[in-house]
There are 2 protein chains.
Amino acid sequence: MNEQLIIQGLQAIVGASGVVQAEFDMQAHLVDWRKRHHGQALCVVFPASTQHVSAVVRFCAEHDLRIFPQGGNTSVCGGSVPTEDGRNVVLNLARMNAIVSVNAADNSMTVEAGCILANIHDAAAAEDKLFPLSFGAEGSCQIGGCIATNAGGVNVIRYGNTRDLILGLEVVLPDGTIWNGLRTLRKNNSGYDLKHLFIGSEGTLGIVTGATLKLYPQPKAMVTAMLAVPDIHAAVAQGLTLQQAFPGSLIALEFISGSEYEIVLKHAPTVKRPLTTDPQCVVLIELSAATGTSDQLVDALSDCLEPSIEAGVIEDAVIASSEQQRQDLWLLRHSVTESNVHEGMGITHDIAVPIYRIPDFVDQAGAALAEHYPEARPVIVGHMGDGNLHYIAMFPHAAWADVADKKAFQHALSCRLYDIAAALDGTFSAEHGIGSLHVDEMGLYKPRAELQLMQGIKALLDPANRFNPGRVLPGTNSSL
Amino acid sequence: MNEQLIIQGLQAIVGASGVVQAEFDMQAHLVDWRKRHHGQALCVVFPASTQHVSAVVRFCAEHDLRIFPQGGNTSVCGGSVPTEDGRNVVLNLARMNAIVSVNAADNSMTVEAGCILANIHDAAAAEDKLFPLSFGAEGSCQIGGCIATNAGGVNVIRYGNTRDLILGLEVVLPDGTIWNGLRTLRKNNSGYDLKHLFIGSEGTLGIVTGATLKLYPQPKAMVTAMLAVPDIHAAVAQGLTLQQAFPGSLIALEFISGSEYEIVLKHAPTVKRPLTTDPQCVVLIELSAATGTSDQLVDALSDCLEPSIEAGVIEDAVIASSEQQRQDLWLLRHSVTESNVHEGMGITHDIAVPIYRIPDFVDQAGAALAEHYPEARPVIVGHMGDGNLHYIAMFPHAAWADVADKKAFQHALSCRLYDIAAALDGTFSAEHGIGSLHVDEMGLYKPRAELQLMQGIKALLDPANRFNPGRVLPGTNSSL
């Protein structure tokens, strides 16, 4: 079937306006937001219903087309744009953006997959509820993408990853079957729990079209604080103390290296300098409570920190006493990515290790950089409470320009750091997923038995390798 | 190969004392604890290591033997004893009972699958930590069985089901492959999350041999209370208020019908009558906190309950002010199962519906019993906070003796109640699993797409249908 007939066939399913094929209009869907990954496609399809998705999938199966599901296109791993080869269709869920229902008594919400995460926050807040998934891209990412990638973020320490916030799913399978698993049950031991197979599978096993989400009461009290400590050992020790003291209340426990802190203050003009000292390491803390007052939380936090302050381990501390101060502290944290772009060429590693091994990782990674890449500076930001660091080898632009084979250089550097993480029982991909960027690492670092199981499941559900080929699993980019 | 050679082959793997074949010695492993399900086997094998398990599995594959993994044999669904036909080997994990390590800083513990749940509690407590999974059988059930069945219990409302407490697994697959997924990472988005496939699969996809568990700080303050309310509507309304008020602190929210309350007081001589009235409905509450005092919790709970007490909705309330009083309240709750056995023939239904629909379920189920089974009395106990009721149609022994075809009678009654649960977006099996008892319901109540996916996964992992045949999925009891 020629290209024009394919377009017509897809238009017959989703309507003429639901198929985009002009080069210019497709552009935003073929390149990731950081402009690092490029792909091509015959068209971008915008289904308006689950039935549309199913019909498009069946149509693509009949006509040997590959399908690349896409949400807000905020992947940092090349997971949300198609490959450069093959007969590709991008399937973007943006039109399926209805908040279907919010049930306050059930602490649940049902949404279509194309809902923007921030809109879900607002819909929950309107019922005095909290949907706690939160991270930088929340203003543009779609919940379907969050589910497909099991997104993490800043509140995982208290509320878990996306996986932990999903009660039920609706999924379209590679043969076009619609599985309606939209349930809000807290307990349901009737057979294998299929939703967990699709969550985090990055669109390679099915297309998430809808979800039932877990809601929480809105916290009534909150306190945010920033601490300066001399080194990563002190930062982790303080973090462990806080985790032990506030298991139900500690909702964020972030780490920012002194280098990162200075980069943000240098490049982000709206960020205020919160600490009076020049910190070696910064810890950002947030506590919340469903009852009591923020003042009570401030008191409890102060009591917990006091011994370390008196011992001089905490060199400086600021506790936000107003919502504005709170937002100022978070603005510093959320200005990291953009500031780093201005600073130089940062090679980012989204590693996780057990929390108590973070100091070992930072020490060993720092030594490796100093020995093998003296031009690079370690810049670190991350979700310390989850053992998850975004560890960045920051090269001055000039030094990076001198590197001949950039891809090989980057791969060698990254593997050095991933080896350190692996030796500390860690992972090379904590929350950003695999996409196309880390497929090689899957082959290098995953146990063989595990990889074979994954490949078997992929072949079972998608024997034609039609959904997101070339992503997640090695050996799946054979063009149809 | 004849039976004696099979025994010798298995003895060569696990040692002579690791194979039990005498009828008398096998008996405890071929019948469930309530003596409702019977099976037979060539022998019961007790491996002492993961390597043993793998070798036994390979041996059974070579010699066309079916394997029935067994933990503490505390299933209430016939999930832990073998079938009555077939060349069966029971594989009991009791010897693999080592607490491998407890890491307080990491809030994690690594255990072998045969560890008794209560021993895990103790090992955690020794490090001032909590492993929160808790239910009646905790003194004899093995953690491997908890994982295989995704056990629930009384603290799910705060800490989740077993699934939510597992960081990593070690599993032996049907081909003998050992998958070592023993990790303690809180974030690890590197491919499909395979552990969730095995959790709750009831030993049909793999044999859990080890696990890494999530620990929590031990609560420092606790309060337990029992309320009398006039009906299920008032009970659920009070429950929703408590959930909204204490999202991080409410760790148990149990419901006991007046009929159940009286049955316990009639048959359990050590249980004290906690309430001064004869309640229509009883709500059992437990709150805990990592900081503060129990007195503060008592005050907070009293404040929350006060409006309902003043309005007369709460007709009576007792708040445990000592550990002894607390244990007395829980003794009433935990004496339910044994007391019911004395009372009559109880047909139990482990249903769940969204919490706000519990009153609808109770009303409709009560009406159905009154209309079709006037001899039966509704007796209800359950985990109200999870929407999970154990709804019991209690027949006097004499009336039950008059029923001709008991199996058909029971099936018709149960389906009437499951239909009501299903129409309220509920499930016929909330926390007890499927075992052999509910295989028919899987065929009746699960969507076809879901059942096909499960059957595909079973065929992929266990093409010879060797692991726990006849359990969970319809059509899997073809004898080897």
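In the text below, chain A, chain B and the rest are named by the order of the sequence lines, each starting its count at 1.
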Of all heavy-atom pairs between [X] and [Y], which one has the smallest distance, and what is that distance?
X	Y	answer
A:Ala245	B:Ala290	O-CB, 4.0 Å
A:Pro217	B:Gln243	CG-O, 3.9 Å
A:Ile355	B:Asp106	N-OD1, 3.8 Å
A:Ile178	B:Ala449	O-CB, 4.2 Å

Look at [options] and state which one has the largest set of heavy-atom pairs under 4.5 Å with chain A.
options	result
B:Ala459, B:Gly456, B:Gly248	B:Gly456
B:Lys220, B:Lys458, B:Arg163	B:Arg163
B:Ile199, B:Leu205, B:Val156	B:Leu205

Does any N or O in the side chain of [X] come within less than 3.5 Å of the main-chain N or O of [Y], such that one atom is a donor and the other an acceptor?
X	Y	value
B:Asp164	A:Asp164	no
B:Asp425	A:Thr184	no
A:Asn189	B:Thr149	yes

Check your understanding: Does any heavy atom of chain A fall under 4.5 Å from the side chain of B:Met442, the backbone, both, or neither of them?
Key ->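 Just its side chain gets close to chain A.
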Review point. Side chain, backbone, both or neither: which part of B:Leu461 has a heavy atom under 4.5 Å from chain A?
Key: side chain
Min side-chain heavy-atom separation [X]-[Y] under 4.5 Å:
X	Y	result
B:Arg186	A:His383	no
A:Leu453	B:Thr177	no
A:Gln244	B:Lys129	yes
A:Pro354	B:Leu185	yes
A:Ile457	B:Leu197	yes
A:Lys446	B:Ser190	yes

Point to revise | Best-contacting candidate, A:Ala151, A:Ala430, A:Pro447, against chain B by heavy atom pairs under 4.5 angstrom | key: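 Max contact count across the listed options: A:Ala430.
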**Study point:** Spacing of B:Leu194 atom CG and A:His196 atom NE2 [to the nearest 0.5 Å]
**Key:**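 Rounded to the nearest 0.5 Å, the CG-NE2 separation comes out at 13.0 Å.
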Point to revise | Rounded distance [0.5 Å steps], OH in B:Tyr192 versus CG in A:Asn150 | key: 14.0 Å
Check your understanding: Applying the side-chain hydrogen bond (donor to acceptor under 3.5 Å, both in side chains) test to A:Lys187, which of B:Thr427, B:Asp386, B:Asp350 qualifies?
Key ->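 By the side-chain hydrogen bond (donor to acceptor under 3.5 Å, both in side chains) criterion, A:Lys187 pairs with just one of B:Thr427, B:Asp386, B:Asp350: B:Asp386.
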